[in-house]
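First comes the structure, then the notes that go with it.
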Amino acid sequence: MASRDKQFSPEEAHFLLMHGNLSSPTVFKDMAEDWPARLNWTPESLAEVLGNRTLRFRTGPRYPTSEDILWETDCEYIDASLQQFCQWLAPERWLALASSRAPREESETDNNTDSNPLLAYHPADNWVYLDYKYMAELFSEQPDILEAVRWSDFGFPGRTGVESTMWVGSAGAHTPCHYDSYGCNLVLQVYGRKKWVLFAPEDSPSLYPTRLPYEQSSVFSQVNVAHPNVQQFPKVVGCHPHVVVLEPGDVLFVPKHWWHYVESLTTSISVNSWIEMASDGEDRLQEAMVRLVLLSIKSDSPCSDQSHWLNPTENVTSRRSNLGYVQAALEEVRAKNDPGCSRDSKCAFAGGCPFPQEGTKTTPPPSKRSKLEDSDTKAEESDSNICFSTPSTWFGPNLVPVLPCTDYFADELCSMQTDTGGSQERTSVDLSAAAKPTAEEHTAEETAAVKMATEGTEVEETAEKQTSAKQASAKQTASKRPTAEHLSVKPTLVEETPEEHMSSESTDMFRNRVLDLSFEELENTIVNCLVQPHVVQEVAKLLKERLRLS
């Protein structure tokens, strides 16, 4: 059994994580209680270490008026220090400002905070997030901070803060729902509380995957999980969300390709590390193909603003570089399929199982975003002869599975419902329709829009928006917009699929709908269809067949 009164030894923890014993998210409750990071870190203590170093924060409203997702491309970005972040959080600061009759510029001169840009955003109405910061860069001159993170307790010798990222946010700070293409994830909740809403890979079709905005190795959902619009995305009600609130000291295991939406419930500090897996090679090929196709179209597009479709953390690379990524990924697949490669290992860790050779040191890449460049990661031949069983007694107060929350969407929709005078027969889908038309007010065109969204398109505008003029295409399409005659077409005709015979009236309405799209919207829809995960998977399979790599 583990030392230091821990439930699991490093060998046992590694066996649970990397030998297929935990197929769903699970929380380890006692494994990090003695880590210096857990014992000593607060926003104030880290601010003291970093001093006046300027960092990039993003911010957004805590109580948005729209059900739309606030993408990273939509956020405001602020350069400030962690000390200024702590000043911004201090309630006495805001009480002083509220009681003062002096203008903000004068009241901010006290305590050397006259240059604090965060004070333009009140914490009661806004959140601020220092997200996705590489600890190796953030604390390059503080090795003791890096050594305060000890993933070796989970069976990854030598893995510290160097291979980790840090997240510091106020209440309401969140990351849109997405899944990571590579590896599994270990997350330490250092300070404060954070809510995770997770979905199994099997729920992917119902979460409406999108690659725009583009971030290498992140597949986003078009659904705002915190405020789901189930009329626009009706299949989401069939998902199975797993919900957990992490407390200080908890370590969450997120299996590969599990979707997650993450939100700080209080001021929060988290540290995570993506664990490389032997299966990442196939995903690296698919990611390289997505990058090649998406950037080939979008980077040269005359009608596309890069800030709208490219996450701020990403860069546009040349077509030659992107083809090089594809070649490197294909070479990795070829090497893996070589008859000489060992296939005896049952460990999913890309570095090879470190047990029973506990001295084995692995030096994996520091983050998921570097994986295209690090395509030479190969599973080592060494493997463990560990024959642990998985007794049911291992699961208990110190190892807690994250269970499905069957009422999650019902609770979210009910909390959004502002109309209490509705019919008693309204369905769960209708619960999301606060400030939305009743069934009698739905036009045939709105019905068509719902159907198109169900089939995975990104055409997400209502009938009211479609009848208004729209940017560059407005003058060209004004004479072709739906008339009263179009809108009066029978719903049964509008709901027919493209494969079925459609009346000329219904065909005209769909044509008008397409013509009403801007060039950028049409381009984005086409690109997203081309790089849908299941499409890319099939193309990668075909490519390997053509090159005789499968």
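On a predicted model such as this, the values are computed, not experimentally measured, just so you know. Note: hydrogens, waters and symmetry copies are ignored here, and every other heavy atom, side chains too, is used.
- A side-chain donor-acceptor contact under 3.5 Å links Ser81 to the backbone of Gln84.
- To the nearest 0.5 angstrom, Cys75 atom SG is 4.0 Å from Leu70 atom CG.
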Q: Would you sort out whether Phe28 and Phe154 count as a ring pair (Phe, Tyr, Trp, His ring centres under 6.0 Å), showing the intermediate values?
A: CA-CA 10 Å; Phe28 290 82; Phe154 287 87; 5.2 Å; yes
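- Between Trp88 and Tyr121, the ring center distance fails the sub-6.0 Å criterion.
- Salt bridge Glu263/Lys194: absent, no basic N to carboxylate O contact under 4.0 Å.
- Between Trp196 and Pro25, the closest side-chain pair of non-hydrogen atoms is not below 4.5 Å.
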(Q) As a quick check of understanding, evaluate salt bridge (charged side-chain N to carboxylate O under 4.0 Å, His left out) for Lys6 and Glu12, giving each step before the final call. (A) CA-CA 11 Å; Lys6 294 191 177 183; Glu12 291 169 333; over 6 Å; no
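- Considering all non-hydrogen atoms of both residues, Trp35 and Ala148 come closest at CB-O, 3.7 Å.
- Judged by distance alone, with hydrogens and angles left aside, the side-chain atoms of Ser273 form a donor-acceptor pair with the main-chain N or O of Glu163 at under 3.5 Å.
- A salt bridge is defined here as a Lys NZ or Arg NE, NH1 or NH2 lying under 4.0 Å from an Asp or Glu carboxylate O, and Glu276 with Arg284 fails to meet this definition.
- Of the inter-residue distances, the one linking Ile145 atom CD1 with Leu138 atom CG reads 9.5 Å to the nearest 0.5 angstrom.
- Note on Glu282 versus Lys544: salt bridge recorded, some NZ/NE/NH1/NH2 to OD/OE distance being below 4.0 Å.
- Using a 3.5 Å distance cut-off with no hydrogens or angles, the side chains of Ser9 and Glu11 do pair a donor with an acceptor.
- Annotation for Lys336 and Ala278: closest pair NZ-O, 3.3 Å, computed over non-hydrogen atoms.
- Counting only heavy atoms from C-beta outward, the side chains of Pro157 and Pro354 approach each other to under 4.5 Å.
- The two residues Arg56 and Lys133 have their closest heavy-atom pair at O-NZ, 3.3 Å.
- Under a 3.5 Å cut-off, the side chain of Ser268 and the backbone N or O of Gly192 do not form any donor-acceptor pair.
- Nearest heavy atom pair, residue Ala32 against residue Gly249, reads CB-O, 4.2 Å.
- Separating the CD1 atom in Ile269 from the CZ atom in Arg38 is a distance of 10.5 Å, to the nearest 0.5 Å.
- Judged by distance alone, the side chains of Asn272 and Thr165 do bring a donor and an acceptor atom under 3.5 Å apart.
- Counting only heavy atoms from C-beta outward, the side chains of Trp127 and Arg58 approach each other to under 4.5 Å.
- Within the 4.5 Å cutoff, the side chain of Cys347 has heavy atoms near those of the His19 side chain.
- Heavy atoms of other residues, nucleotides or ligands lying less than 6.0 angstrom from CD of Glu48 number 12 at most.
- Of all heavy-atom pairs between Phe85 and Gly169, the closest is CZ-C, 4.1 Å.
- Between the side chain of Glu538 and the backbone N or O of Val535 there is no donor-acceptor pair closer than 3.5 Å.
- Pairs of residues two or more places apart, or lying in two chains, that qualify as salt bridge (charged side-chain N to carboxylate O under 4.0 Å, His left out) and include a residue from residues 15-30 are Lys29-Asp250.
- A donor-acceptor pair under 3.5 Å links the side-chain atoms of Asn21 to the main chain of Phe15, judged by distance alone.
- With respect to Phe220, the ring pair (Phe, Tyr, Trp, His ring centres under 6.0 Å) criterion is satisfied by exactly one of Trp71, Tyr214, Tyr261: Trp71.
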Q: Apply side chain to side chain contact (heavy atoms under 4.5 Å, CB included) to the pair Val236 and Leu207, showing each step before the final yes or no.
A: CA-CA 6 Å; Val236 73; Leu207 288 168; 4.2 Å; yes
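- In this structure, CG in Leu46 is found 10.0 Å from CG in Asn40, a value given to the nearest 0.5 Å.
- Under the side chain to side chain donor-acceptor pair (under 3.5 Å) criterion, Trp151 pairs with Ser164, not counting sequence neighbours.
- Of all non-hydrogen atoms in Arg193 and Glu247, the two that sit nearest each other are NE-OE2, 3.1 Å.
- To the nearest 0.5 Å, atoms OG (Ser181) and CD (Gln216) are separated by 7.0 Å.
- With contacts defined as side-chain heavy-atom distances shorter than 4.5 Å, the pair Glu287/Tyr325 does not qualify.
- A heavy-atom distance below 4.5 Å is not found between the side chains of Leu22 and Pro255.
- Tyr132 has its ring centre less than 6.0 Å from the ring centre of Trp274.
- Side chain of His260 to backbone of Trp258: a donor-acceptor contact under 3.5 angstrom is found.
- Under the 4.5 Å side-chain criterion, counting only non-hydrogen atoms from C-beta, Val402 is not in contact with Ser24.
- Side-chain atoms of Asp180 never come within 3.5 Å of backbone atoms of Tyr182 as a donor-acceptor pair (strictly under, hydrogens ignored).
- Not a single donor-acceptor pair under 3.5 Å links the side chain of Asn311 to the backbone N or O of Pro213.
- Annotation: the span from Met18 atom CE to Cys353 atom SG amounts to 10.0 Å, rounded to 0.5 Å.
- Across Tyr208, Phe199, Tyr179, a single residue satisfies ring pair (Phe, Tyr, Trp, His ring centres under 6.0 Å) together with Trp259, and that is Tyr179.
- Between the side chain of Asn337 and the main chain of Leu549, a donor-acceptor pair closer than 3.5 Å is present.
- For Lys256, the side chain to side chain donor-acceptor pair (under 3.5 Å) partners two or more places apart in sequence, or in a different chain, are Ser279, Asp280, Asp283.
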Q: Test side chain to side chain contact (heavy atoms under 4.5 Å, CB included) on Asn229 and Asn224 and set out the steps.
A: CA-CA 7 Å; Asn229 184 336; Asn224 184 348; over 6 Å; no
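- At least one side-chain heavy atom of Phe355 sits less than 4.5 Å from a side-chain heavy atom of Pro10.
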Q) Hey, mind stepping through Trp41 and Val149 against side chain to side chain contact (heavy atoms under 4.5 Å, CB included) and telling me if it holds? A) CA-CA 11 Å; Trp41 289 2; Val149 178; 3.8 Å; yes
